[in-house]
Structure formats: structure tokens, C-alpha cells
Amino acid sequence: MVFAAPGEALARAREVLDGRPSPLHACVAHQVIGIWQRDFGDLRLALHHLRRARDLAARADSADREADVLATLGVALVHAGRTRQGLAAFERGVARGTGHTRARVLYRRAYVWWVLGRHREALEDVRRAVPVLRQAGDVIWTARALTLRATVHLALGAVERADADFTAAEALWDTTGQEHDKADAVESRGLAAFRAGDIPAALRLLDEAAERYAKLGTPTIMLSIRRCEVLMAAGLAAEALAEADAALAVLDGIGGQPTRKAELLLAAARAAGSAGDAHTAIARADAAVRLFAGQRRAWWETHARMVLLEARVAAGRRSGRMVADAAALAERLARFGSPAAPEASLLAGRIALWLGWTADAERHLRTAARSRRAGTPPARLTGWAAQALRAQAAGSTRGVLEACRRGLDVLDEHRMTLGASELRARATAQGAELAALAQQVSLRSGGARRLLVWSERWRATVLSAPPARPPADPALLSALTAFREIAARAEDARRDGHPVPALEREQRRLEREVRSRTLHMRGDAPGTGHRFAPERLLARLGEQRLVELVVLDGRVHVLLCGQGRVRRFTAGPLAEALVEAEHVQAGLRRLAHPGAQARLPLVEEAGHRLEELLLGPAARHLGSGPLVVVPPGSLHRVPWALLPSLRERVVSVSPSASSWLRARETEPPPGGRHVLVRGPGLATGGAEVPELADRYGAPTVLEDEEARTARVLRELDGAALAHIAAHGTFRADSPLFSSLRMADGPLTVHDFERLDRSPYRIILSCCDTARFASVGADELLGLVTALLPLGTAGVVACSAPVNDEAVVPLMLALHKGLGAGLSLAEALRDARAALPGDAVHQATGWAFSAFGAA
């Protein structure tokens with residue numbers, strides 16, 4: 001009962017002990033309490049009850065009873081870090097038990113071997129136990145044994161064998177009422193899905209397991225460890241670290257198993273390393289190594305030492321001793337049959353390269369490169385990274401580029417299995433090194449076109465295909481509706497000066513639910529389509545110019561495309577440009593308010609410095625025609641119209657040259673519907689909307705109670721032009737919850753992603769709508785980037801807070817230009833020129849940018 005209804009089992013055991021039971025019955029009751037405390041509570045209490053149960057079994061003169069208790073005690077002792085005592089208890093248990101009981105003891109010893117990382121011994125004990133359990137018709141223990149065997153197969157990388165055992169175990173669990181074991185089976189299937197490379201399925205199954213555990217009221221420490229692993233693979237390292245730290249606090253609070261504490265510390269170390277926090281990774285990994293060593297868990301200790309070494313390398317430490325340590329770890333991991341062995345060989349090769357030890361580097365990299373041909377995407381990616389470094393050391397430009405291409409192809413295939421745009425964006429971080437290596441080789445070889453191709457190869461790839469849409473998920477739609485209502489109520493309370501903590505907590509809970517369900521979606525796009533071709537871009541540009549900014553080794557390089565050729569110029573340090581861009585943003589925020597006229601010359605001067613840092617000598621070769629600017633993600637907030645050489649030009653911005661090409665070739669929808677939306681609470685009341693309604697004749701106008709999210713989305717779908725005047729909110733902590741305020745609450749990026757086709761042109765006349773979160777290798781998440789893959793060819797949006805009243809004349813002038821047949825970029829250039837010359841209006845014009853090509 002303890003794994004079917006844990007709370008009830010505990011209560012029943014205590015009732016037995018209150019009734020003056022016989023030694024045999026008291027033994028069972030103490031064992032049940034010991035199991036409950038071991039797995040869900042205080043390990044010290046567990047050991048007390050299990051020792052009492054052992055003594056009572058001896059008094060009852062039942063050899064099988066004593067063997068069973070010794071097995072339970074052995075598990076508890078190993079989890080307490082007393083490995084030698086635990087294994088000794090198992091030796092006595094195996095000797096005392098017979099037949100069916102002995103098979104159960106062997107199963108539990110196999111579990112302990114797995115905990116210790118001794119997988120071959122685990123498989124041997126399970127091999128001996130399963131036939132006896134099956135012959136006895138013991139469904140529950142057979143299912144447990146099959147689940148364990150599958151888990152061991154996963155640790156050894158045998159995914160197909162694991163899947164067969166999980167399937168057989170699940171069929172058996174369906175015939176039982178063992179709810180905790182069933183939850184554990186779902187959790188295990190989540191682990192199997194992860195090992196098979198299906199991250200959305202892994203997240204879905206682990207969330208389902210968490211719901212099952214929550215109904216039972218049991219802690220989920222092992223689940224947290226597994227979730228950390230999946231979250232890291234999904235690029236959510238910061239979340240993995242937070243989950244590991246929270247689980248550590250829970251474990252310490254209940255006096256839980258030291259074995260699990262060591263595993264959580266290892267998970268936290270890996271997450272901290274992935275998040276770029278080398279010092280936290282070192283501290284957590286060092287603590288994990290010491291715990292694993294004390295627990296005699298060599299398999300785990302070796303993996304923890306690997307993470308510790310990686311963290312020290314990330315912190316800048318490199319030495320010959322570290323090469324030897326990494327090589328020794330690779331050998332030990334290979335002996336254990338661990339899939340992490342190639343990573344250790346890659347690390348040894350990297351350090352050797354940094355030290356100039358080319359012969360040693362070649363030996364270790366050759367070993368790591370063998371993994372490129374088979375296995376999971378991360379394993380193959382490790383292999384191709386090693387192969388690229390081998391080619392670099394050998395001076396083979398062609399070899400480097402081929403390895404980088406093959407490695408990024410592997411990651412492309414993996415990325416397109418992910419339905420959520422956030423996961424796709426974050427997954428690109430795994431290919432950042434390969435992309436940078438290819439760019440560096442291209443730079444040294446002197447070919448500007450080649451550098452452009454490789455810059456495009458891993459830039460804004462999320463926009464290459466729309467995210468998966470979940471219209472048939474009623475739970476997601478319900479959660480979005482509930483979130484919108486709660487968020488609106490919470491915002492009203494904050495605006496009235498009386499925030500309600502309960503509402504804010506519920507809003508955060510609903511955000512987590514929406515995001516969780518979104519991450520479960522699988523991708524349905526077959527691939528990224530055709531490769532970028534500079535010739536196609538140059539042919540499409542005509543008299544226009546396109547400037548793509550590439551950052552290599554901390555410096556900005558300018559690729560100027562036009563007139564049938566690609567030229568490269570070297571500009572300034574990226575770090576200085578970022579500081580200057582922040583100064584400009586601060587200046588624009590001040591200029592949004594009357595009375596800041598004196599700051600206008602300072603902002604203009606900052607624009608001069610930005611031009612020198614970002615364009616350098618290329619500014620003198622831009623010609624006089626329209627210009628497309630393709631900045632890296634770190635420079636997405638630059639107000640390009642402020643740069644002196646761009647101030648009077650037609651300028652549009654695009655996340656990538658490929659994205660601009662797609663926008664250029666997107667046809668407007670038939671019918672030419674115009675949609676005007678006015679959200680609540682604007683200082684001007686969205687004063688431009690009534691005038692625009694008169695100008696366009698019979699547009700769809702949504703305002704007051706008609707400007708509700710469902711109606712707005714319905715009208716936006718497939719429109720030719722949409723103008724939305726509404727408060728914008730950018731969420732740096734969760735960019736896909738960035739939103740526009742409608743009558744019934746926030747219209748989020750998650751909502752926009754449900755559109756079949758977003759408007760061909762969309763104008764967002766509100767603050768912060770052109771702000772993005774930079775994630776992954778060079779990806780952007782935000783309102784504008786959500787629209788571009790869904791059929792929008794052009795967007796006008798704002799990257800800073802602006803003066804609401806100054807926005808009205810800018811918008812009216814912008815639409816006047818559109819009515820005359822101009823593009824968004826042309827109309828925005830003319831609208832800026834038509835504004836009054838005061839600081840407020842000038843700053844307002846600079847803050848808006850045209851994105852895309854419509």
C-alpha cells in the first residue's frame with residue numbers, strides 16, 4: 001500500500017503499532033513507516049524504524065521476513081551514504097531469503113547497484129530476479145524490475161531496449177492500483193523520450209508525472225533531477241538551476257536522502273555551467289564530488305569530476321594536468337559505458353589545442369569525433385565539433401566548414417522537432433561554437449560572401465518556420481483565457497495603488513501553466529527549406545543596399561551588399577557600441593517628456609559615436625538608395641534613424657537577410673481588409689484611430705468592449721493592414737508574455753502565434769513593441785519576431801517609451817504615405833520629416849523603426 005496510497009499506508013501502520021501487535025505484525029508496520037520515511041521523509045527516522053523491524057523479524061523467527069527487511073534497510077543505508085553497511089545488509093538478505101522473497105531482495109539490490117552507478121551488476125541481479133517474479137505471478141514486482149532494467153539500459157545508452165522494457169512494465173502497471181509506481185513509470189517514460197531526443201514529449205510526460213505525485217502528496221526529488229536534465233537540453237539552464245536549488249532546499253528541510261542530494265548538486269552544477277555561471281558550477285560540482293566519493297559511487301563521482309573540470313576550464317583555467325585529467329575521465333567514462341565519454345575527449349582536445357599541444361589534441365579529438373556518426377543529436381554535435389577543431393588544427397578551411405555544416409544540419413533536424421518558438425530559439429545555443437568557428441575561418445580566408453553565408457546560416461533561424469499551433473488544446477486555450485482575466489484584474493489593482501498578492505500569485509501560476517503546455521508541442525515543419533544564396537539576395541536588392549553586422553572576437557564587421565557584390569569593412573568594438581546604445585535609450589526616455597530639450601544635442605552626439613562604432617568606414621559607401629540593416633541580436637534596440645548617415649534615408653530593419661528576402665517575396669492577401677484597434681488607458685485615447693477610420697472609408701474598427709482578444713485575433717487573421725493603438729508591455733523575464741493591452745486583458749505573443757496568417761502589414765503605435773529578448777545563438781523573442789514567420793511582411797514598432805501625444809501626428813503622417821503607395825520604411829521616413837522640430841517629436845520619430853520589406 002505504501003506505493004499505492006502512501007498517506008493511508010502510514011496511518012494504518014501507526015494503527016497497528018498502537019494495538020499491541022505480535023512481533024511479526026509490528027515488524028511489517030515498522031518496515032512500512034521506514035519505507036515511507038526513506039522515500040518521502042526523514043532518512044534518520046527511516047533507519048530507526050527499519051532497524052527495529054529487522055530486530056522484530058529475528059524475534060518472529062521468519063527468515064524470509066528478515067531477508068525482506070534487510071533489503072529495505074540496505075536501500076536506506078546506501079541512500080544515507082553508508083554504502084559498505086548497505087551492501088553487507090544485502091549479502092545477509094540474499095543469504096536468508098528463498099525463492100520469491102530472494103528475487104525481491106535481488107531486485108532491490110539491483111536498484112542499489114543502479115544508484116551506485118554499477119550498471120552491469122544491476123543488470124545481472126535483475127536477470128536473476130525477473131523469471132522468478134514472473135513465475136510467482138508477482139505483477140507489481142515484475143513491473144518494478146522491468147522499469148529498473150529499462151532505466152539501467154537508458155544509462156548505458158540502449159534506448160531501444162529501454163523502450164521495450166518500459167512498454168512491458170506499463171502494460172503490467174495498468175492492471176494494478178499502484179499509483180506511485182504508475183507515476184514513476186510515467187516519469188521513466190519521460191526520461192526515455194528525452195534520451196530518444198524528443199524534448200517536447202519528455203517535458204509533457206514529466207509534467208504529467210508531477211501532477212500524479214501531487215495528488216499523492218509525495219515529494220518529487222528524483223523528478224526534479226530528471227527535469228533539470230531535460231530543461232538544460234532545452235536551453236533553459238537558468239530554470240534548471242532554480243529547480244535544482246529549490247529541490248535541494250526541500251530535501252534538506254525533510255532530512256532526505258544524501259544520495260539524492262549529491263545528484264541534485266550535480267544537476268545544479270551542470271545547469272550553472274550551461275547558464276555561464278562557472279563559479280557556482282565549481283562550488284556545486286566540488287560538493288557533489290565529495291558526496292559521491294563518500295558514498296562510494298564511482299560512476300557518479302566520475303561524471304561530477306567531468307562537470308567540475310568543465311567549469312574550471314570555463315573559468316579560464318588551463319594546464320597540462322587538466323589535459324591528463326580530461327583524458328583519464330574519458331577512459332573511465334568509456335569503461336562505464338557512459339554516453340558522456342566523447343565530451344571528455346573533446347574537452348581534453350580543446351585544452352590541448354589552447355596549450356599548443358597539437359599531437360595530443362589530435363589524439364583526443366579523433367576519439368571524440370567518432371560520435372558524429374550515430375547517437376542522439378547532442379552526441380553527434382559533440383562529434384562534429386571535434387571534427388571541426390581537428391580540421392582547424394590541420395589548417396583545412398574546407399574541412400572546418402564541412403564539419404560545421406554537418407553539425408549545424410544535425411541541430412537543424414533536432415530544432416525542427418520542437419514546436420515552441422522559445423525552445424527552437426534556445427536550442428540554437430548548442431550550435432553557436434560551430435557557427436562562430438565557420439565565421440572565423442571565413443573571415444581569415446578573406447571571402448566576404450562566404451562570411452555572409454555563414455552569418456546567415458545561424459542567424460534568426462527561428463523565423464525560418466512558424467511555430468506549431470495548438471488550436472485543438474482546450475486546456476491551453478482555457479489557461480490563456482484565465483490568465484488574461486487575472487492579469488487584467490492584477491493590473492487594475494496595481495494602477496489603483498492597491499496590488500493584490502493573491503492575484504499576482506495566480507497570474508504567475510497561470511503563466512507557468514501556459515508556458516508548460518506550449519513547450520509540450522512538437523514541431524511539424526520538415527526543415528528549414530532552401531539555403532541562403534548571396535546571388536539571390538543581390539538580385540533582389542536592385543538599387544537598395546543591405547548592411548549585415550557580424551560580431552567576431554568582440555569586434556563589429558560590416559558586410560555591405562549591393563551593386564552585385566559583397567564588401568567587408570571593420571568597425572568598432574561591440575562592448576563600446578552596447579554602452580553607447582544604452583546611453584541613447586536613456587536619452588530617448590528622457591526626451592519623451594517635455595522639458596528635456598537640452599538633452600537633444602547629447603543624444604545626437606551619441607548617434608554620431610554609434611555610427612562610427614557600428615558602421616565605421618562603410619558609412620561612406622552606402623549610396624543614396626533605401627537601406628536594409630541586419631543587426632545581431634545584441635544590437636536590436638539601436639534606433640537606426642538616429643545615426644547621421646541614416647537620418648534622411650529610407651531604412652528598414654530585419655533579423656536576417658533571409659528573413660528580409662522572405663518578406664520581400666510575400667504577397668499581400670486578397671481583399672485588402674484594414675483593421676484598426678484601440679486599447680484602453682491611452683493618454684490620447686488612441687486619437688489617430690478615428691481619423692484613420694475616416695481616411696480608409698470602411699475599415700474594421702475595434703474599440704471599447706469590442707477590442708477583446710478573441711475578436712481582435714479573429715479580425716487580424718489575414719488582414720492586409722492592421723493598426724493597433726494600445727499600451728505595450730515588454731517582459732524581459734518571459735518574452736512570449738510581452739503583450740498589448742486589450743479591453744479584456746493582455747494580448748500576448750502566445751496569442752499571436754495562434755494566427756493562421758498575421759496581417760501583411762502591422763503598425764504598433766505604442767511603447768516597447770520593438771523590444772526583444774536575445775536568446776540562443778543569435779535569436780530574438782518578442783512581438784515583432786512572432787509576426788514575421790506567420791505571414792507579416794512589414795511591421796512598424798517602437799523600441800523605447802514615447803510620448804503618446806507626439807505619436808498621433810507621426811502615425812497620421814505615416815498612413816498618409818501608405819495611402820500614396822509608399823512602403824512602410826518610405827512612409828516612416830517621410831513621416832519623421834513632417835514632424836515639428838522640437839525634441840519630443842524628434843525623439844518619437846527616432847524611436848520607431850520599420851521591420852521587414854512591405
Side-chain angles (χ1 to χ4, degrees), residues 231 234-239 241-242 275 420-426 462-463 467 476 479-495 499-501 503-519 582 585 589 633-634 636-637 655 679-682 709 712-713 724 726-742 744-755 758 762 764-776 779-790 795 797-802 847 849 851:
L231 288 170
L236 303 170
E239 290 180 37
L241 179 58
S421 53
E422 180 179 1
L423 288 189
R424 288 186 188 176
R426 294 187 185 277
V462 170
L463 306 185
L476 175 59
L480 279 168
T481 302
F483 159 76
R484 189 169 299 111
E485 179 183 349
I486 293 295
R489 288 168 57 193
E491 176 61 27
D492 289 342
R494 284 190 293 268
R495 196 167 50 251
V500 180
L503 285 177
E504 293 175 345
R505 284 196 299 272
E506 179 64 5
Q507 178 180 339
R508 289 192 293 271
R509 185 193 70 77
L510 287 166
E511 283 183 10
R512 288 194 297 271
E513 182 177 345
V514 169
R515 186 164 177 267
S516 174
R517 289 190 172 276
T518 303
L519 298 183
E582 283 303 311
Q585 283 294 326
R589 283 195 294 273
S634 56
H636 70 274
R637 292 196 69 193
L682 293 169
T709 302
V712 169
L713 288 173
I724 303 179
H727 275 302
T729 301
F730 174 70
R731 288 279 302 275
D733 64 320
S734 192
L736 298 189
F737 281 98
S738 299
S739 62
L740 303 172
R741 189 177 171 206
M742 298 291 109
D744 59 340
L747 172 64
T748 68
V749 175
H750 287 295
D751 293 309
F752 277 112
E753 288 186 339
R754 290 163 48 211
L755 292 171
S758 56
I762 185 164
L764 304 171
S765 65
C766 34
C767 305
D768 287 339
T769 47
R771 288 185 63 186
F772 312 102
S774 182
V775 301
E779 303 294 332
L780 296 171
L781 295 177
L783 281 169
V784 172
T785 53
L787 296 165
L788 292 176
L790 299 174
V795 183
C798 177
S799 64
V802 287
S849 297
F851 296 85

Trace of the side chain to side chain contact (heavy atoms under 4.5 Å, CB included) decision for Arg589 with Val802 = CA-CA 7 Å; Arg589 283 195 294 273; Val802 287; over 6 Å; no
Determine, stepwise, if the pair Ser799 / Gln585 fulfils side chain to side chain contact (heavy atoms under 4.5 Å, CB included).
-> CA-CA 9 Å; Ser799 64; Gln585 283 294 326; 3.7 Å; yes
Evaluation steps, side chain to side chain contact (heavy atoms under 4.5 Å, CB included), between Glu753 and Thr748 = CA-CA 9 Å; Glu753 288 186 339; Thr748 68; over 6 Å; no
Given side chain to side chain contact (heavy atoms under 4.5 Å, CB included), test Leu747 with Leu713 step by step and report yes or no.
-> CA-CA 9 Å; Leu747 172 64; Leu713 288 173; 3.7 Å; yes
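Between Ala797 and Val784, the shortest heavy-atom contact is CB-CG2, 3.9 Å. Closest non-hydrogen pair, Leu503 versus Ile486, comes out as O-CG2, 3.4 Å. Looking at every heavy atom in both residues, Phe737 comes nearest to Arg731 through O-CG, 3.7 Å. The shortest non-hydrogen separation linking Ala847 to Ala800 is CB-CB, 4.3 Å. The two residues Leu783 and Ser738 make their nearest non-hydrogen contact at CD2-O, 4.2 Å. Minimum heavy-atom separation, Pro746 to Ala488: CD-N, 4.3 Å.
Atoms CD1 and CG, from Ile762 and Leu790 in turn, are 10.5 Å apart once rounded to the nearest 0.5 Å. Taking NE2 from His750 and CZ from Arg484, the interatomic distance works out to 11.0 Å, rounded to the nearest 0.5 Å. To the nearest 0.5 Å, atom CD of residue Gln507 and atom CD of residue Glu485 are 12.0 Å apart. Note that SG of Cys766 is 5.0 Å distant from CG of Leu740, once rounded to the nearest 0.5 Å.
Put simply, the side chain of Ser758 gets close to the backbone of Leu787: a donor and an acceptor are under 3.5 Å apart. Side chain of Asp744 to backbone of Thr709: a donor-acceptor contact under 3.5 angstrom is found. Using modelled atom types, no side-chain atom of Ser739 and backbone atom of Arg741 make a donor-acceptor pair closer than 3.5 Å. For His727 (side chain) and Pro680 (main-chain N/O), no donor-acceptor pair under 3.5 Å exists by modelled atom type.
Two residues are said to be in side-chain contact when any heavy atoms from C-beta on lie closer than 4.5 Å; Arg512 and Arg508 meet this criterion.
Using a 4.0 Å cut-off between a side-chain N of Lys or Arg and a carboxylate O of Asp or Glu, Arg489 and Glu506 do not qualify as a salt bridge.
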